[in-house]
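Have a look at the structure below before the remarks.
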Amino acid sequence: MGRTREAGCVAAGVVIGAGACYCVYRLTWGRDENEKIWDDDDEDDEEESSDIVETWIENGKGAKANAGMGSEARLQGDSKVKAEVGMVLESGSDVKAEVHLGPQSGGGLEAKAKALFSTLKEQASAKAGRGARLGTISGNRTLAPSLPCPGGRGGGCHPTRSGARAGSRASGKTKGRTRGKSTRTPATAWPVRRGKFNFPYKIDDILGAPDLQKVLNILERSNDPFIQEIALVTLGNNAAYSFNQNAIRELGGLPIIAKLIKTKDLIIREKAYNALNNLSVNAENQGKIKTYISQVCDDTMICHLDSAVQMAGLRLLTNMTVTNHYQHLLSYSFPDFFALLFLGNYFTKIQIMKLIINFTENPAMTRELVSCKVPSELISLFNKEWDREILLNILTLFENINDNIKSEGLASSKKEFSRSSLFFLFKESGVCIKKIKALANHNDLVVKVKVLKVLTKL
């Protein structure tokens, strides 16, 4: 009966020791897990560690059950008592710790206790080594933001460590709550790839009517600014040839191109102006383009000063006013033209003077032209500091107006014009004539000849 009691005590001790081992493990492992929350926020490592914990717990429960069964067997034995405790720890290198307590005699309770404590110490050291390896693996886990999102248990993407940590702390969620399916928006998105459109022609290709029709169809159907720009440049280059000027008109291309002058894209508008400019060399095309000339003039005056789109608009207006047929459509813009002549840079001044000279060559436009208000600073264009082209253009402008005033008999009607008008600046103030006489000693021979020609007509 004494040995039976001793066997029962040993079995109870083994069961209690196994329970104590399990409790110590749960306490120490839970504390490490709480510390690990702030050190590593990677979801995959979290799920992996949780699976390992569950596996260890199941193994612990199995060991406890095995210990109970062993004690029952020892209670039914005779003189030999065998106690066995098997604890399995699975780590990165499959570390396995197994402790066997052999048969003990009646006075071996102290030895059994020492063996139990040594077993607990080995389990704790093995657990500590495994935790360090887990931290190293999870700490180096990153995902490049440009890669597609892999499918995982969380159902979402895994951002880099800094992004994950910021998102986790901002949301206020602990690590334990993230073991379910993730409802978080992926931090990296799938790349959006646009289909590449290969334009069928080079922009400097000389095309026939069938190919021009294809380009017009592309321009009409496409909303891509890049494709529209290529198509407009291709049409503009082909419109430099007289045979294609007729072909584009006959294919219905003028309304398709003119529709794009209403766009807010300044580059597209500039290319549309350039294409219409080349097409306007043809007299029949001018009859179609006149429908849009007022809108082109208004947009040119209000767009950014000295911009490329303004220069393209001025070139188109200059071509449209080479003949006298459509000049009356722009007479309301004379004050704007002279204001732009004063405010614009060198190239804008040259282009706007060419436009005004077209009006001065039509005597029928003289009255409206000289009656418009002009800035008094316009007289500064007669200074000798300007180069040959500026001086020749302003002298031509003055010469044409002076000739038209005489031919139209407007000199006797000077009371009709205000002191801020072009008529007063050129004829009545006398300042303009003084400036022209000062240019008679100009170093440029061409300018000097032009000055002498003007002075002989006064």
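To the nearest 0.5 Å, the span separating CG on D224 from CD on E229 amounts to 10.0 Å. Going from atom CD1 of I356 over to atom CZ of F337 covers 7.5 Å, rounded to the nearest 0.5 Å.
Salt bridge absent: E220 and K259 never bring a charged side-chain N and a carboxylate O closer than 4.0 Å. Between R249 and E284 there is a salt bridge, since at least one side-chain N of the basic residue sits less than 4.0 Å from a carboxylate O of the acidic one.
Surrounding CZ of F347 are at most 12 heavy atoms belonging to other residues, nucleotides or ligands under 6.0 Å away.
When all heavy atoms of Q286 and Y326 are compared, the pair lying nearest together is OE1-CE1, 3.6 Å.
A side-chain N or O of Q351 and one of T318 form a donor-acceptor pair less than 3.5 Å apart. Donor-acceptor pairing under 3.5 Å is recorded for the side chains of Y332 and D298.
For F359, the ring-ring contact (aromatic ring centres under 6.0 Å, His included) partners at least two apart in sequence or on another chain are F334.
Remark: the backbone N or O of N285 is paired with a side-chain donor or acceptor of N282 at under 3.5 angstrom. Between the N404 side chain and the T366 main chain, no donor and acceptor come within less than 3.5 Å of each other.
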Does the side-chain hydrogen bond (donor to acceptor under 3.5 Å, both in side chains) test come out yes or no for K427 and N402, once each step is laid out?
CA-CA 8 Å; K427 292 292 292 183; N402 185 65; 3.0 Å; yes
Show, in sequence, the C-alpha distance, side-chain angles and deciding distance for K450 and E399, and conclude whether the salt bridge (Lys or Arg N to Asp or Glu O under 4.0 Å) test is met.
CA-CA 10 Å; K450 184 68 174 178; E399 180 186 6; 2.8 Å; yes
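Looking at T234, I227, V233 one by one, the single match for side chain to side chain contact (heavy atoms under 4.5 Å, CB included) with I230 turns out to be T234.
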